[in-house]
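One structure is given below, encoded as structure tokens.
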Amino acid sequence: MRYQLQENCLTIFLPKEIDHHNAEDMRETADSIIKNQHVKYIIFDFDKTDFMDSSGIGVIMGRYRTIHYLGGEIWAVHTNERMKKILTMSGMTNILQIYEEDTL
Amino acid sequence: MKGTNEMTIIFDSRSENEGFARVSVAAFMTQLNPTLEEVADVKTAVSEAVTNCIIHGYENEIHNIEIHCMVRDRLFIVEVKDTGKGIEDIEAARRPLFTTKPDLERAGMGFAFMEAFMDQVIVESKPKEGTLVRMKKTIGKGRELWTTQSL
């Protein structure tokens with residue numbers, strides 16, 4: 001899994017498909033960075049992602065719990081219509097902000 | 001019978017096969033000329049059902065998962081079956097946020113997703129015998145001809 005750390009902000013570049021199979025890997029990678037690097041903000045970058053099921057929601061919820069406890073926030077960027085629908089439907093929009101960019 | 005088609009796949013309950021399962025079902029349903037959204041809906045629902053078989057039905061042991069797809073005119077039916085441990089309380093299992101495995105960080109949204117993306121979800125299960133999830137969706141309901149959209 002690709003990620004980028006800038007000060008206390010972790011950007012996770014999500015894979016093309018997020019299901020139960022690769023959720024485990026995302027969880028482990030994210031947790032080890034959060035634990036060791038004092039991460040306060042997480043940005044989930046959905047640029048490459050066109051499929052996500054409830055396993056992905058589980059991963060986001062779990063990271064939110066950790067980060068929220070430390071007073072942090074989570075964000076979602078580059079979400080396509082499908083991802084917005086999944087995030088809204090599952091109530092994730094109550095705990096994360098979807099960052100909308102101006103289309104250039 | 002015209003407008004009828006069926007297919008069955010059987011595969012190991014390995015998480016690597018989740019992608020294979022949903023893509024296979026998606027490929028089979030293309031004969032109904034679905035919209036991208038309808039394909040995505042079915043893929044998500046199948047992914048949820050197969051994940052349930054792996055995590056809950058077989059608790060990560062390797063056994064067979066069977067998917068049976070049926071086309072009846074515009075109606076698409078997909079059944080996902082395991083012969084695992086079954087569900088004690090189906091009503092509770094279907095409730096959003098209910099999960100028997102919070103330690104695995106399951107969101108408890110599997111059945112809620114299936115219900116949201118399919119027209120009908122029927123669950124048949126017996127403890128120690130297994131679970132069958134039958135999902136139905138009529139394809140091409142909300143489609144507008146592109147010629148009716150402004151250009």
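Throughout, a chain's letter reflects where its sequence line sits, starting with A, and its residues are numbered from 1. For the numbers below, each heavy atom of this structure counts, side chains included, while hydrogens, waters and symmetry mates do not.
- No single ILVMFWY cluster, assembled from side-chain heavy atoms under 4.5 Å apart, contains both A/M52 and B/V46.
- Against chain A, the residues from residues 47-61 of chain B that qualify, each with a non-hydrogen atom under 4.5 angstrom away, are B/S47, B/E48, B/T51, B/I54, B/I55 in number order.
- Identified by a heavy-atom distance below 4.5 Å to chain A, the contributing residues of residues 111-133 of chain B are B/F113, B/A116, B/F117, in residue-number order.
- Here the side chains of A/H21 and B/R14 are not in contact, with every heavy-atom distance at 4.5 Å or above.
- The number of heavy-atom neighbours closer than 6.0 Å to CD of B/E91, taken from other residues, nucleotides and ligands shown, is 12 or below.
- The stretch residues 22-42 of chain A places A/R27 near chain B, each with some heavy atom under 4.5 Å from a heavy atom of that chain.
- A/E17 has its side chain within reach of B/R22: a pair of non-hydrogen atoms, C-beta onward, lies under 4.5 Å apart.
- Under the 4.5 Å side-chain heavy-atom criterion for grouping Ile, Leu, Val, Met, Phe, Trp and Tyr, A/V59 is not connected to A/F13 through any hydrophobic cluster.
- A/Y99 and A/F46 fall into different hydrophobic clusters, where Ile, Leu, Val, Met, Phe, Trp and Tyr are joined by side-chain heavy atoms under 4.5 Å apart, directly or via other members.
- Linking ILVMFWY side-chain heavy atoms closer than 4.5 Å, directly or via other members, places B/M70 and B/V80 in two distinct hydrophobic clusters.
- For B/E88, the CD atom sits in a loose shell: 12 or fewer heavy atoms of surrounding residues, nucleotides or ligands are nearer than 6.0 Å.
- The shortest side-chain heavy-atom distance between A/R82 and B/T44 falls under the 4.5 Å cut-off.
- Within a 6.0 Å radius of OH in A/Y3, other residues, nucleotides and ligands contribute 12 heavy atoms or fewer.
- Interface with chain B: from residues 65-81 of chain A, no residue qualifies, criterion being any non-hydrogen pair under 4.5 Å.
- Note that CE of A/M61 is 5.5 Å distant from CE of B/M109, once rounded to the nearest 0.5 Å.
- Hydrophobic clustering of Ile, Leu, Val, Met, Phe, Trp and Tyr side chains at less than 4.5 Å, counting indirect connections, keeps B/I77 apart from B/L32.
- Taking a 6.0 Å sphere around CD1 of B/I62, one finds it holds more than 12 heavy atoms contributed by other residues, nucleotides or ligands.
- A 6.0 Å sphere centred on NZ of A/K48 holds no more than 12 heavy atoms belonging to other residues, nucleotides or ligands.
- In this structure, B/K43 does not pair ionically with A/D50, as no charged nitrogen and carboxylate oxygen lie closer than 4.0 Å.
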